[in-house]
Structure formats: structure tokens, C-alpha cells
Visitor: 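What follows is a single structure, and I will ask about it in a moment.
Order of the sequence lines fixes the chain letters, A, B, ..., with proteins taken first and strands second; residue numbering starts at 1 for each chain. Heavy atoms only: backbone and side chains are in, while hydrogens, waters and symmetry mates are out.
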Amino acid sequence: MKRRDLIRAGVLGGAVAALRPSVATAGQNAALSSELTPAQSGVDASKDLDAPGWKPLFLDAHQNETLIVLSDLIIPATDTPGAKEALVNRYIDLVLAAETRETQSAFLNSLGYVDGESIRRYKNAFLYLAREDQDDLLHSMAYPHNPSRWTGEAAAPDPGHTHFDALKRRIMTAYYSSQIGQKELGWDGAFAHGPYLGCEHPEGDHK
Amino acid sequence: MGQDPLLQTYDAVVVGSGATGGWAAKQLSEAGLKVALLEAGRAVTPREFTEHLPAYKLKYRDHSPEVLRTRPIQKQCYACMEYNYEWFVNDLENPYSTPTGKPFTWQRLRVLGGRSLVWGRQSYRMSDNDFKAASRDGYGDDWPISYADLAPYYDIVEKYVGISGAAENNEMLPDGRFLQPMKMSCGEVLLRERVKAKFGHTVTIGRVAIVTENHNGRLTCHYCGPCERGCMTFSYFSSPFTTVKDAVASGNCTVITNAVVSHVNMDDGSNKARGVTYVDRLTRQVKEVRAKSVILCAQAMESTRILLNSSTREYPNGLANSSGALGHYLMDHVTGGGATGRLRDFKTLPNANEPHRPNGVYVPRFRNTPSSPRHSRFIRGYGYQGGSSAQFDFNAEGYGTTLKHAVKDGAYGISLGAFGESLARWDNYVSIDPNLKDAWGIPSLHINMTHGDNEAALMEDAGSSAAEFLEAAGAKDIHVQFNVESPGMAIHELGTARMGNDSKKSVLNSFNQAHDVKNLFVMDGASFVSSACQNPTLSMMAITVRACTNLIDRFRKNEV
Ligand SMILES: Cc1cc2nc3c(=O)[nH]c(=O)nc-3n(C[C@H](O)[C@H](O)[C@H](O)COP(=O)(O)OP(=O)(O)OC[C@H]3O[C@@H](n4cnc5c(N)ncnc54)[C@H](O)[C@@H]3O)c2cc1C
Ligand code: SF4
């Protein structure tokens with residue numbers, strides 16, 4: 001169903017249709033289609049990434065495979081689907097392909113850092129490590145190395161965590177903005193859940 | 001077939017169809033005047049509203065490279081998105097310049113309705129503490145009008161627009177004619193109770209131009225959330241579906257879209273405006289519209305740009321600029337001071353299926369009020385906008401199953417951010433950049449503005465006070481901000497054609513009529529003498545209606 005049909009079918013349908021006609025007369029010239037965003041002209045791009053025969057636009061095969069594994073470790077399938085099923089790698093590839101060179105190379109640098117550490121510690125690229133070793137490596141990068149509480153020494157630069165965090169942010173954005181991610185947050189697919197009732201507790205008893 | 005819209009002489013030509021221009025067109029045409037409403041952009045229809053479209057249906061899920069390519073400045077505004085960026089100006093076609101090291105972010109919409117399509121809808125009255133501020137603390141100039149002059153017009157605007165809010169009887173924030181207030185969350189009620197008990201200050205529900213009851217054919221808000229993408233039920237106020245619609249329905253208003261006005265034309269020898277010239281946005285044909293009065297509502301800096309581009313032999317430095325004040329005293333509220341924290345004791349989990357209230361809480365100005373001592377480090381003050389609710393925790397640490405759970409466990413957040421008064425200063429100004437033209441060949445603006453020491457001191461105080469308020473509510477993990485955001489970021493540009501009683505020091509009189517040219521009016525925020533700290537659009541609209549009432553009167557008396 002198109003967005004407009006959905007709305008017509010929904011609770012607001014009648015009301016919206018009733019309000020609409022008088023309004024379009026306010027201006028003389030009809031809008032030119034080239035001056036609408038794809039969303040405003042009704043394009044639904046939600047299935048684009050599912051296309052059979054999908055190929056990365058920006059990443060090479062190794063980078064793409066590494067990203068799939070990494071994203072699925074960061075957001076694994078549990079009782080709900082994880083990053084791999086949400087095609088997080090495909091979305092990230094699409095966005096990267098359109099980014100500036102600086103942003104592109106920052107991403108590759110972070111991904112490369114993971115492989116670099118993997119080779120240094122386990123003598124092989126991240127993709128080929130045993131699951132435990134992958135986990136071990138991520139664990140060492142996942143948490144910031146805070147300044148010492150005992151000596152008050154400033155924290156040393158923590159490139160491992162910085163790169164991990166950059167990758168994790170991209171993966172989280174990609175996952176939670178997908179349809180799967182929205183379901184993961186419990187969204188039921190309705191666009192409105194009004195009215196807003198607010199706090200109904202007695203004074204001094206808010207939770 | 002009616003008459004050719006360009007062959008008539010109208011009673012009034014109104015330039016700009018946004019928050020203020022819509023009101024001018026409505027008031028004048030409903031009073032029986034023949035009005036031409038000129039709008040630089042195209043018409044907008046509800047078919048292009050996207051407020052109910054989930055992000056996963058967008059190709060880039062709101063990270064579109066096209067937005068960054070064509071709207072690098074507009075994109076700095078949260079409301080310019082992959083959904084709606086075509087409503088915002090294309091920065092490549094609409095350039096302006098700033099001096100090195102003095103950035104100004106200028107957010108503009110060029111479509112019927114202007115920024116009323118995406119505005120944040122916060123609507124607050126100003127008081128005599130604002131209109132007469134100069135008399136009280138000695139800085140700058142008083143307005144030539146007082147609260148009593150404007151109050152009846154606030155009433156008219158509020159009754160028509162529909163402002164939801166709660167009366168508070170606060171000396172800095174006059175009450176209005178409110179529709180049902182929206183409700184506060186638990187965290188906000190707690191903040192209200194604690195801030196009142198500990199500091200004696202008021203935390204109130206935001207006053208918003210959103211109807212919470214069916215109103216003038218518009219339906220009550222259904223709390224879907226992202227208003228800046230449009231509203232199928234017209235629950236928030238935007239001019240195309242209210243004032244402009246009424247103007248057209250009166251039978252007296254001709255809307256001409258895609259009309260980019262370049263300058264005002266003067267009648268030779270009579271010191272009267274004859275109308276305006278515009279460039280057709282699509283064909284680039286140059287056309288003239290004739291009218292007995294010219295009313296600029298193109299938003300403060302655009303209206304001033306039109307006047308600066310309308311120089312004549314009599315007015316070599318911009319039309320109606322014998323005072324030299326045209327372009328000067330540019331203001332935009334200062335932002336960047338505030339605090340965020342967490343209410344750790346709150347156990348409410350975030351819920352994706354909750355109503356999204358398009359509003360927050362508001363703290364009216366509490367510094368330098370009649371009942372508080374004068375502050376030693378700054379004059380004037382600031383108000384806070386903020387909110388508190390359970391949120392998904394996308395900043396959760398770690399990875400794997402723990403991360404997935406931590407995101408859903410969320411955190412109960414609380415925050416306050418200030419909008420501070422921007423002092424009117426001569427050296428904050430716009431002028432014409434002789435080397436820069438827009439895509440229609442119209443000379444562009446050079447914008448020269450900085451926030452000063454007073455604004456910085458306001459934000460410094462706003463940061464610490466916000467932290468104290470949140471602490472009083474029991475918040476933990478408090479982060480304080482003392483930033484001074486670059487001018488333009490508040491999107492509340494005001495001044496540049498100020499009103500005043502002295503024609504040597506101001507451009508307009510108290511009815512927004514140019515001192516120099518009696519049938520020329522600027523009825524938008526350009527007329528502001530001081531910025532106060534309240535979001536200004538409600539006051540702009542009240543000023544427009546007051547000015548129109550006076551103009552209609554003068555038409556009736558045959559004075560135009
Ligand atoms: C994201 C956002 C949030 C905001 N939130 C709030 C808020 O909460 N509260 C508040 O009070 N204010 C808010 N504002 C500010 C508010 O939108 C403006 O104060 C208000 O719209 C100004 O009204 P206006 O009529 O002067 O200009 P606009 O509404 O901007 O309308 C100007 C119109 O003039 C047209 N125009 C410009 N130049 C020309 C020309 N040369 N020829 C012909 N037409 C021209 C434009 O195309 C436009 O349609 C917000 C703004 C934004 C962008
Ligand atoms: S939240 Fe209310 S005002 Fe905003 S778009 Fe939804 S229905 Fe309209």
C-alpha cells in the first residue's frame with residue numbers, strides 16, 4: 001500500500017479527506033514534481049536493499065564480509081533478529097558510497113584497525129578468527145580506558161575504543177533505523193498513539 | 001476569466017506568505033481591500049506531507065547526501081531533513097556572505113507559508129518588562145508601543161491560531177487565551193514542584209500553536225510527533241491552511257507564487273511607492289505589480305534586503321533609509337547554555353508506542369525581573385525550554401546481547417536549554433554584498449553579527465542555573481553546557497528596520513509604516529526594537545495585525 005492509501009485507511013482517513021479540497025486552491029501553480037523530495041512524492045525505498053544480486057557500491061568483498069560479522073557481534077540475533085538480518089552492512093555501504101572522501105577513509109581506517117589488531121594478536125584477519133577470539137578482541141576495545149582513579153593520571157589515547165565506537169555508532173544507526181530495528185524497540189507500526197495523558201501520580205510520588 | 005493579475009492596481013501588495021504575510025493578506029482582504037500576495041516559492045499541498053512516514057522508507061533514512069550537497073547551511077537546522085529538504089532554500093542558489101570568523105546560519109524556506117510550515121510553534125507574549133526594558137535598565141531604546149497597545153491584537157491572533165497552554169500569572173510572561181494545555185510527564189511535574197519549592201520559579205507546559213480541541217475546522221492534535229514534516233489534520237498553525245486560505249476565500253486576494261521580489265518601485269516625484277518588481281522564479285521573466293501600498297513580510301532580513309536593493313536618487317543608501325538605521329540592530333536569540341541529566345530513580349521504560357507530545361516545558365525569565373535583584377554580571381535574561389521523559393539509550397556502553405537490552409532499558413532523561421535576549425547593537429548589521437548575487441540576479445546580503453559579552457554571561461548563568469534546577473529534581477549524571485552558539489542558530493532573526501518615534505533613529509513608526517515613505521510598510525520581525533527572550537513569532541503576528549488595523553482605518557479615511 002502507498003503511504004497515502006495507508007492514511008486513508010487509517011483512523012484519520014475521513015477527516016483528512018474532508019479537510020483537503022479547499023486547501024489546494026491557496027496557490028496558483030501546481031508544484032513541480034522535481035521540487036518534491038522523493039519522500040514527498042511518495043517513493044517507498046524500504047525494499048531497495050533486499051534486491052536479489054545486491055552488490056556493494058563502496059566496500060570490497062572482504063570489507064563487506066568483515067562488516068557483516070562485526071555488526072552481528074555488536075547487535076546479534078537474540079529472540080529478535082540482529083544486524084545481519086537487518087542488512088546493516090548494505091545500508092552502511094549505501095551511505096558510505098555517497099559520503100565525502102574524508103568520511104569514507106575514516107570508516108575504512110576504523111575497519112582496518114580491527115583487522116590490524118586481529119593480525120597483531122591472533123595472526124589472522126578478524127573474519128577468520130574463532131568466535132571466542134573475535135569476542136575477546138571486541139571486548140578489549142569496547143570499553144573506554146578511563147583515567148586511573150588511584151594515581152589521577154590522564155588516560156592515554158585509546159585508539160582501539162575510538163575506532164570501535166565509530167563503527168558501533170554506524171551499526172546502531174543502521175540497525176535501529178531499519179524496520180527490524182523499529183520492531184526491536186517494540187513499535188507496532190501505527191503512526192499515532194494519542195492522546196498524551198502525562199503524569200497521573202499524586203504530588204511527591206513521581207516515578 | 002478574471003482580469004490579468006498584473007494589469008490591475010491593487011490596494012496592497014504583500015510580499016511573503018509566511019507567519020506575518022499570511023496575516024496581512026487575511027486582514028486586508030477580509031476588510032475589503034484588493035490584495036496581491038507575492039510569494040517567492042511554489043504552493044505546497046497536503047499531499048506532500050510526510051509526518052507519518054517511518055524513516056526506513058527513505059532511501060538514506062535521513063542521511064541523504066543530496067541534503068548535504070544542496071543545503072549545507074539549512075541542514076544545520078534539525079527541521080531540514082531528507083523528508084522535506086525541498087521546502088528549504090537551496091543554499092547554492094541563495095548565497096550570502098559573512099566576514100571571516102563571524103559565521104551566521106540563516107535558515108529560510110521559500111514556499112507558500114515560509115517557515116510557518118516547519119516552525120517549533122512555541123508561542124509566548126512579551127510584557128512591558130520587554131517593551132520598556134531600556135527605561136528599566138538603561139540599555140538601548142524603549143519600544144514606541146507598550147503591552148497595552150498590543151494586548152488586544154495578541155487576543156485576536158491567539159483566538160484564531162489556537163494556542164494551547166496554561167495560565168501562570170507570571171510577571172514576565174503575560175497569560176493569553178489558551179486552549180487546553182498539554183499534559184506534563186512525571187519528570188516535568190517533579191521539576192515543576194522542586195523548582196518552585198527551592199527557587200520560587202515557574203516551570204510551565206510549553207505554550208504552542210497546536211490545537212488541543214477542534215478549532216476553526218482544524219482537528220485536535222493526534223500526537224504523531226514530527227510536525228516539521230507537515231500535518232494532515234492542520235493541527236499546528238501554518239499560514240497556507242489558515243490565514244492564506246481565508247484571504248483567498250474572501251475573494252479579494254490574488255496569490256502569485258514563484259514571484260521573487262527584487263525591489264520596490266517609487267512613483268516619480270511623489271515620494272510614494274508604486275508597487276514592486278519581481279523575477280519569475282521559473283522563467284526569469286521580470287514583472288511589475290502596482291499597488292497603492294506596499295507591505296513587506298518576507299522575514300526580517302529579506303524585507304530589509306529588498307529595501308536596500310531599492311535605492312533611488314533620494315534614498316541612495318536604501319529605500320526609506322534617511323535615518324541610516326536600515327540594516328542595523330540585527331538580533332537573534334543566544335542559545336547554547338543549559339544542562340542534561342538522568343532521573344535514575346524513575347523506573348518507567350521507554351515505549352515506542354507512546355504518543356509523541358510535540359511540545360516541552362518552559363521556564364519564563366527569572367533574572368532581572370521587577371521582583372528579583374539586579375544581576376551583577378549581565379542585564380536582561382533568558383527562558384528555558386526543556387523536557388523529561390523515558391528514552392531509549394542509544395549511548396549505552398558495550399556490545400552484544402547486553403547492548404540490545406541496555407538500549408531498551410533506556411534512561412529517564414531531563415534537560416533544559418536557554419534562549420537568551422540578544423541585545424540590539426548598531427554594529428550587528430546586514431548590508432548588500434556588491435560582489436554576490438542569487439540565482440535570480442538579485443544582490444545578496446552580507447551579514448555581520450556576533451554575540452557579545454552580555455550574551456556570553458547569560459549562557460554561563462543559564463548553564464549553572466539549569467544544573468541547579470535539575471539537581472533540585474534529583475537528577476544525576478548532569479552535563480552542563482556554557483556554549484554560545486553562532487548567531488542564526490535560534491532562527492529568531494529580528495530587527496534591521498526598527499520602529500521608533502524618532503525618524504532620525506528608526507525606519508518605521510509604531511504602526512510599521514516607513515517614516516520616509518508613507519505607503520510603505522514592513523510588518524515582520526524587522527520592526528523589533530529589542531529581542532526579549534521569548535520566541536518571537538506570536539508577537540510578530542500581533543504586530544502585523546495591529547499595523548493592518550491601522551492601515552485599513554487609513555484606507556477608510558481615504559488617507560492612502
Ligand atoms: C525549525 C524552526 C523552528 C522555529 N521555532 C519557532 C518557535 O518555536 N517559536 C517561534 O516563535 N518561532 C519559531 N521559528 C521562527 C519562525 O518560523 C519565524 O519567526 C516566522 O516564520 C517568521 O515569520 P515571517 O512571516 O517573518 O517569515 P517566514 O515565515 O519565513 O515567511 C517569509 C516568506 O517570504 C517569502 N519571501 C522571502 N523573500 C521573498 C522575496 N524576495 N519575494 C517574495 N517572497 C519572499 C519566503 O518565501 C517565505 O514564504 C522557528 C523557525 C524554524 C525554521
Ligand atoms: S503532533 Fe500534532 S500537530 Fe504535530 S503533526 Fe502530529 S497531529 Fe499535527
Side-chain angles (χ1 to χ4, degrees), chain A residues 3-4 7 12 15-16 19-20 22-32 35-41 44-46 48 73-76 78 91 94-95 98-99 138 142-143 168 172 176-179 182 184-188 190-199 201 203-204 206-207, chain B residues 42-46 48 50 52-61 63 65 82-86 112 182-187 189-190 193 217 219 222-224 232-234 240-241 244-245 248 255-258 346-348 351-355 357 392 394 397-401 403-404 408:
Chain A
R3 175 181 64 90
R4 245 171 278 144
I7 288 156
L12 298 162
V16 171
L19 277 167
R20 202 173 273 158
S22 54
V23 160
T25 55
Q28 282 196 326
N29 304 359
L32 297 179
E35 294 188 313
L36 297 175
T37 67
Q40 287 173 335
S41 44
D44 176 353
S46 56
D48 287 11
L73 282 163
I74 290 178
I75 306 181
T78 50
Y91 171 74
L94 175 76
V95 175
E99 301 260 36
L138 284 194
Y143 302 92
K168 175 179 149 186
M172 284 183 75
Y176 287 105
S177 65
S178 70
Q179 191 164 10
Q182 289 288 297
E184 158 72 7
L185 297 176
W187 186 47
D188 63 10
F191 54 71
H193 303 88
Y196 182 82
L197 298 177
C199 174
H201 303 118
E203 182 162 345
H206 306 295
K207 35 197 140 221
Chain B
R42 63 174 175 86
V44 165
T45 78
E48 62 198 80
T50 55
H52 296 154
L53 194 70
Y56 62 77
K57 294 203 173 175
L58 303 181
K59 181 168 182 189
Y60 292 98
R61 300 184 203 154
H63 288 76
E82 186 176 344
Y83 291 95
N84 65 0
Y85 60 91
E86 285 285 355
L112 195 80
M182 293 185 180
K183 298 284 192 334
M184 286 193 191
S185 70
C186 295
V189 175
L190 179 69
E193 289 167 6
L219 298 187
H222 52 270
Y223 294 94
C224 67
M232 305 265 174
T233 48
F234 311 114
F241 312 106
V244 175
K245 185 176 140 203
V248 171
V255 180
I256 304 178
T257 49
N258 298 315
F346 277 43
K347 299 290 175 246
T348 311
N351 176 357
N353 301 317
E354 260 180 351
R357 187 192 62 193
F392 293 107
F394 296 113
E397 280 202 346
Y399 66 100
T401 315
L403 173 66
K404 265 176 111 175
K408 287 207 272 192

Visitor: Side-chain contact, heavy-atom cut-off 4.5 Å: Y196(A) with S185(B)?
Guide: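 In contact.
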Visitor: In sequence, state the C-alpha distance, the side-chain angles, and the governing distance for H201(A) and V189(B), and then conclude on side-chain contact (heavy atoms from CB on, under 4.5 Å).
Guide: CA-CA 9 Å; H201(A) 303 118; V189(B) 175; over 6 Å; no
Visitor: Using modelled atom types only, decide if a donor and an acceptor are shared between the side chain of R42(B) and the backbone of E35(A) within a distance under 3.5 Å.
Guide: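 Here the side-chain-to-backbone pair exists.
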Visitor: Check side-chain hydrogen bond (donor to acceptor under 3.5 Å, both in side chains) between K59(B) and all other residues, then give those that pass, not counting sequence neighbours.
Guide: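 None.
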Visitor: Side chain from CB out, backbone as N, CA, C, O: work out which of these in N351(B) comes under 4.5 Å of a heavy atom of chain A, or both, or neither.
Guide: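 The answer is neither part of N351(B).
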Visitor: Is it the side chain or the backbone of M182(B) that comes within 4.5 Å of chain A heavy atoms, both, or neither?
Guide: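 No part of it gets close to chain A.
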Visitor: Can you tell me which portion of Y143(A) sits under 4.5 Å from chain B's heavy atoms? Options are side chain, backbone, both or neither.
Guide: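 For Y143(A), side-chain heavy atoms alone lie under 4.5 Å from chain B.
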Visitor: Sort Q182(A) into side chain, backbone, both or neither according to what part of it lies under 4.5 angstrom from a heavy atom of chain B.
Guide: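 For Q182(A), side-chain heavy atoms alone lie under 4.5 Å from chain B.
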Visitor: What class does the angle between the rings of F191(A) and H52(B) fall in, given that below 30° is parallel, 30 to 60° is tilted and above 60° is perpendicular?
Guide: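 Judged by the thresholds at 30° and 60°, the geometry between F191(A) and H52(B) is parallel.
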Visitor: Before you tell me yes or no, could you show the steps for L403(B) and M172(A) under side-chain contact (heavy atoms from CB on, under 4.5 Å), namely the whole-Å CA-CA distance, both residues' side-chain angles and the distance that decides it to 0.1 Å?
Guide: CA-CA 10 Å; L403(B) 173 66; M172(A) 284 183 75; 4.1 Å; yes
Visitor: Checking F394(B) against chain A: side chain, backbone, both or neither under 4.5 Å from a heavy atom?
Guide: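 Both backbone and side chain.
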Visitor: Measuring from atom OH of Y56(B) to atom CG of D48(A), what distance do you get when rounded to the nearest 0.5 angstrom?
Guide: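 Reported to 0.5 Å precision, the distance equals 13.5 Å.
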Visitor: With side-chain contact (heavy atoms from CB on, under 4.5 Å) as the criterion, how do Y60(B) and V95(A) come out once you've worked through the C-alpha distance, each side chain's angles and the decisive distance to 0.1 Å?
Guide: CA-CA 7 Å; Y60(B) 292 98; V95(A) 175; 4.2 Å; yes
Visitor: Check whether any side-chain heavy atom of T50(B) lies under 4.5 Å from a side-chain heavy atom of Q40(A), and answer yes or no.
Guide: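 Of all side-chain heavy-atom pairs linking Q40(A) with T50(B), at least one is under 4.5 Å.
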Visitor: Would you say the side chain of H63(B) lies within less than 4.5 Å of the side chain of Y91(A), judging by non-hydrogen atoms?
Guide: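 Of all side-chain heavy-atom pairs linking H63(B) with Y91(A), at least one is under 4.5 Å.
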Visitor: Taking side chain as everything from C-beta outward and backbone as N, CA, C, O, which of these in E397(B) sits under 4.5 Å from a heavy atom of chain A? Side chain, backbone, both or neither.
Guide: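 Looking at E397(B), backbone and side chain both touch chain A.
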Visitor: Could you go step by step and tell me if I75(A) and K404(B) meet the side-chain contact (heavy atoms from CB on, under 4.5 Å) rule?
Guide: CA-CA 7 Å; I75(A) 306 181; K404(B) 265 176 111 175; 3.9 Å; yes
Visitor: For E86(B), is there any backbone N or O sitting under 3.5 Å from a side-chain donor or acceptor partner on T37(A)?
Guide: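 No, T37(A) side chain to E86(B) backbone: no donor-acceptor pair under 3.5 Å.
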